[in-house]
Amino acid sequence: MRAWHLVVLIAAVAIYVIMRPPSAAKIVRGMEVSIPAGTIEYADVRYAATWSDSIVRSGDIRYLSRAYTKSVPMVIYDAVLTSGEFSDSSIVEIESTGGGNFYWRSKKQPQGTLVALHIIPENEIVLRSLASVDEGDRIEIVGRDEINGKIEGADGSFLRLAHDNHKFVLASRVSVEN
C-alpha cells in the first residue's frame, strides 16, 4: 500500500469517528429528565418541552428505526404505531421518506389508527426494551406526549413536528404484548 493510500484511509476513519453520532446508550445515560420543570438536560444543553400527564399507547409496530437529530439528540427511535386495518401490510403499505417522515397508501380508506412516534427513552431499561421490539410486534408504551409538538434547546436548537399524527413521546415503559 502506498503512503498516500494509508493517509487517505486514516483520514476517512478519523472523519467517520468524529462525525458519528453518540450511541443511544450514551445519550440516555447523559440525560437528566425533570417532568415538573418540563426539561431534559443533555450535553450541557437544557431542552424545554410541555409534557402531558401519563398516557398509555398500544398498537402494532409497522416501522421502528434508530433516529438521530443533532438539534435534539434525545429522540432515539422513530416508530409507526398502528391499529385496525393500518396494521395489515396486505391492506396498507407504509414507507419511510427519511428524517422521521412517513407515508402510507392503500386501495381503500383503512379503518383504524396510525401515529408516528418520535421516542425519547426515559432510561436505559426503556432503551433496552425498545431494542428488543421487532416490526409486527404489538406493544404498549407508557409515557408522556409532548403537547405542543416542539422541543427547544436553550442553545437555540429546536425540533418541531409538522403533522398532527406525529408525537414526541417520553417513554417510561415499553413492553411487548403477547
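Worth saying up front: this structure is predicted, and the values here are computed from it rather than measured.
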[atom2] on [Y] to [atom1] on [X], rounded to 0.5 Å:
X	Y	atom1	atom2	result
I139	E177	CD1	CD	8.5 Å
I147	K167	CD1	NZ	9.5 Å
S172	E122	OG	CD	5.5 Å

Search all heavy atoms of [X] against all heavy atoms of [Y] and return the closest pair with its distance.
X	Y	answer
V45	A154	CG1-N, 4.0 Å
I61	A79	CD1-CB, 4.2 Å
R62	S87	CD-O, 3.7 Å
D78	A67	OD2-CB, 3.5 Å

So [Y] and [X], do their side chains get closer than 4.5 Å, heavy atoms only?
X	Y	answer
S129	R173	no
R57	D145	yes
I119	V174	no

In a table with atom names and distances, give each donor-acceptor pair under 3.5 Å that connects a side chain of residues 109-117 to protein atoms at least two apart or in another chain.
from, atom 1, to, atom 2, distance (Å)
T113, OG1, S83, OG, 2.7

Restricting to pairs with a member in [range], which pass ring-ring contact (aromatic ring centres under 6.0 Å, His included), not counting sequence neighbours?
range	answer
residues 73-115	Y63-F102, F86-W104
residues 133-165	H163-H166
residues 37-57	none

Out of curiosity, does [Y] fall in the hydrophobic cluster containing [X] (side-chain heavy atoms, cut-off under 4.5 Å, transitive links)?
X	Y	value
V80	L130	no
I76	V142	no
L81	V92	no
V133	I141	yes

| When I40 is tested against each of V72, I151, I120 for side-chain contact (heavy atoms from CB on, under 4.5 Å), which residue passes? | I120
Using only atom types and a distance under 3.5 Å, with no angle test, would you say the side chain of [X] pairs donor to acceptor with the backbone of [Y]?
X	Y	value
E146	T50	yes
S157	S71	yes
N123	I125	yes
S106	I91	yes
R46	E41	no
T82	D60	yes

Listing, residues 25-36 side-chain donor-acceptor contacts under 3.5 Å, not counting sequence neighbours, or none:
from, atom 1, to, atom 2, distance (Å)
R29, NH1, E124, OE2, 3.3
S34, OG, A37, N, 3.3

| field | Selection residues 94-111 - residue pairs positive for salt bridge (charged side-chain N to carboxylate O under 4.0 Å, His left out), sequence neighbours left out | value | E85-K108, E93-R105, E95-R105
